[in-house]
Amino acid sequence: MHGPLQDSHGRIMRDLRVSVTDRCNFRCLYCLPETEEAADFYRTRYDGLRHPISPKISATPIHREWKPKAEILSFEEITRVVRIAVALGIEKVRVTGGEPLLRQGVEKLIGSLSKIPGVQDLAMTTNGARFGPQAAALKQAGLNRVSFSMDSLNRDNFRRMTGRDGLAGVLDGIRLARELGFHPVKVNAVIIRGMNDHEIPDLVRFAVAQDLSLRFIEFMPLDSSRAWQKGLVVSGREILELLRGEFELQPVDASANPSETARRWRLAGGRGEVGIIAPVSEPFCGHCNRLRLTADGKLRTCLFSLDEQDLKPLLRGGASDDDLAALLQERVRNKEAGHKIGQADFVQPQRSMSCIGG
Ligand code: SAM
Ligand code: SF4
């Protein structure tokens with residue numbers, strides 16, 4: 001028998017993010033920019049950033065190959081890992097990517113995961129472009145919650161940020177999710193200085209009008225082009241000051257869940273809520289209870305892990321559930337204390353957010 005997934009810092013893992021594909025139909029400039037120009041979006045536009053504080057532009061080309069199909073875990077393999085992890089105390093499972101709705105038959109996987117006894121919350125993060133046609137099947141298969149990524153309410157700015165003319169599709173997806181009774185419907189917006197920080201109040205008004213849980217997320221150094229600059233991060237504190245200047249905020253008590261990544265507020269007299277996720281300026285690693293499984297079967301104990309455990313050789317080599325459970329426990333025991341963004345020895349991981357699973 002195996003006990004819970006506990007690390008050497010006393011943290012117990014409850015949350016597993018499962019990436020089902022490294023592919024994506026969007027090209028968000030903070031994640032998987034399509035061109036050098038998109039990756040270098042800030043250089044010509046913002047004088048203050050022409051001489052960045054911490055240049056980290058790599059020579060690695062932006063274009064990269066998708067993982068071959070044979071390296072991607074099958075639904076059966078994913079379900080097996082999740083079942084073992086849940087037996088070890090995981091309660092929340094989030095299906096992500098890449099763009100999870102590009103994985104054919106993903107509703108079948110949702111169906112299998114929702115039947116695992118002990119999965120208390122089954123969620124998905126999507127860019128929303130393909131949500132419409134699959135929404136009802138996902139709901140029926142047992143998906144509890146859905147988070148959409150939407151960084152802008154302006155069609156042109158949305159296109160600048162995601163590389164695609166996709167705003168209308170995402171708005172449709174959000175509407176449909178509400179109609180189907182997903183609640184709360186979450187919306188994530190990565191805020192980048194000079195790109196969409198001016199849209200923060202509009203995004204809040206939209207969330208209130210549509211009864212959404214909006215999350216503003218600090219830009220993290222996980223973009224494939226390594227164009228991240230500290231100066232582009234709009235800190236959680238700045239966002240909060242801006243919100244306080246425009247809205248009457250009432251804090252939501254999150255003391256019952258210290259692993260919660262967002263600080264949250266309701267708006268006086270309004271519906272929905274607003275949260276700020278500030279991993280760069282206010283790291284919350286001390287309470288982290290998350291693990292990640294990449295589409296190609298690598299276990300990551302931190303978004304910023306520099307090494308990862310390949311589960312494929314065990315999954316495909318006849319290992320028992322007990323062998324896999326023991327490996328999960330060993331890896332979790334060595335989970336990093338926290339990320340090192342801002343420290344001299346910080347190294348950006350090889351994989352971009354799209355290849356890890358956010
Ligand atoms: N494609 C789906 C989507 O965009 O919702 C799921 C995968 S995406 C990698 C998951 C989340 O990571 C999205 O909400 C996205 O905005 C966020 N993300 C991607 N790159 C990021 C970065 N460099 N910093 C902060 N958040 C990022
Ligand atoms: Fe694709 Fe999501 Fe990354 Fe955007 S954030 S490029 S939608 S994986």
Side-chain angles (χ1 to χ4, degrees), residues 17-35 38-39 41-42 56 62-64 66-67 94-103 106 123-131 134 145-152 158-167 169-170 173-174 177 185-193 195-196 203 212-230 232-236 239 261-262 275-281 283 290 292-295 300 303-304 339 341 348-349 351-358:
R17 314 269 164 120
V18 179
S19 173
V20 293
T21 179
D22 59 338
R23 294 169 193 239
C24 192
N25 46 352
F26 278 21
R27 290 294 178 274
C28 302
L29 42 78
Y30 50 76
C31 182
L32 193 62
E34 192 149 49
T35 60
F41 60 94
Y42 56 89
K56 277 207 191 295
I62 287 163
H63 176 74
R64 40 167 207 94
W66 305 123
K67 293 271 174 202
R94 176 171 293 276
V95 173
T96 180
E99 174 46 42
L101 295 177
L102 292 188
R103 179 84 188 252
V106 70
M124 177 180 281
T125 305
T126 171
N127 64 30
R130 293 209 182 179
F131 184 72
Q134 284 155 277
R145 290 191 302 119
V146 57
S147 301
F148 293 90
S149 300
M150 188 180 71
D151 309 311
S152 170
F158 184 98
R159 189 173 42 216
R160 255 193 299 277
M161 292 197 70
T162 64
R164 296 291 180 268
D165 187 12
L167 177 61
V170 181
I174 292 173
V185 174
K186 259 195 205 168
V187 170
N188 295 332
V190 177
I191 301 300
I192 299 187
R193 191 178 306 287
M195 284 305 287
N196 62 343
L203 284 161
L212 305 170
S213 285
L214 176 63
R215 299 283 182 263
F216 293 118
I217 306 178
E218 286 181 349
F219 178 24
M220 290 183 274
L222 286 170
D223 51 323
S224 64
S225 57
R226 294 163 188 238
W228 182 89
Q229 300 291 336
K230 195 161 179 260
L232 294 166
V233 179
V234 182
S235 71
I239 296 173
T261 50
I276 297 177
I277 303 180
V280 178
S281 66
R290 283 171 290 285
R292 288 182 163 80
L293 179 66
T294 65
R300 294 179 68 90
L303 257 181
F304 294 91
H339 70 62
I341 303 171
Q348 181 167 337
R351 291 181 188 253
S352 65
M353 192 68 143
S354 65
C355 288
I356 296 172

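All ligand and atom numbering here is 1-based and tracks the order in the structure.
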Donor-acceptor under 3.5 Å ([X] side chain, [Y] main chain):
X	Y	value
Asp223	Trp228	yes
Glu218	Val280	yes
Arg130	Asn127	no

Going by the order shown, which atoms of ligand 1 are within less than 4.0 Å of some heavy atom of [X]?
X	value
Thr96	6 (C), 7 (C)
Gly97	7 (C), 9 (C)
Glu99	1 (N), 2 (C)
Gly98	1 (N), 2 (C), 6 (C), 7 (C)
Thr126	2 (C), 3 (C), 5 (O)

Which atom names give the shortest non-hydrogen contact between [X] and [Y], and what distance separates them?
X	Y	answer
Val95	Val106	CG1-CG2, 4.4 Å
Asp22	Trp66	O-CZ3, 3.2 Å
Pro283	His339	CB-NE2, 3.7 Å
Ala227	Leu232	O-CD1, 4.1 Å
Met195	Leu29	CE-CD2, 3.9 Å
Arg292	Gly358	NH2-C, 4.2 Å

Considering only the protein, which heavy-atom contact is closest to [atom], and what is its distance?
atom	result
atom 3 (Fe) of ligand 2	Cys31 SG, 2.4 Å
atom 16 (O) of ligand 1	Val190 CG2, 3.2 Å
atom 6 (S) of ligand 2	Cys28 N, 3.4 Å
atom 1 (Fe) of ligand 2	Cys24 SG, 2.2 Å

### Query
Under a 4.0 Å heavy-atom limit, does Ile356 contact ligand 1 with its side chain, its backbone, both, or neither?
neither
[atom]: which of [options] has the nearest heavy atom?
atom	options	value
atom 24 (N) of ligand 1	Met353, Arg17, Met124, Met220	Met220
atom 25 (C) of ligand 1	Met161, Glu218, Arg94	Glu218
atom 14 (O) of ligand 1	Gly128, Ser19, Ser149, Ser354	Ser149

### Query
Is there any N or O on Tyr30 that sits under 3.5 Å from an N or O of ligand 1?
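So ligand 1 has an N or O lying under 3.5 Å from an N or O of Tyr30.
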### Contact (N/O only, under 3.5 Å) between Thr125 and ligand 1
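Such a contact does not occur with ligand 1.
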### Query
Considering the options Thr125, Asn25, Thr21, Thr126, which one meets the side-chain hydrogen bond (donor to acceptor under 3.5 Å, both in side chains) requirement together with Glu99?
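By the side-chain hydrogen bond (donor to acceptor under 3.5 Å, both in side chains) criterion, Glu99 pairs with just one of Thr125, Asn25, Thr21, Thr126: Thr126.
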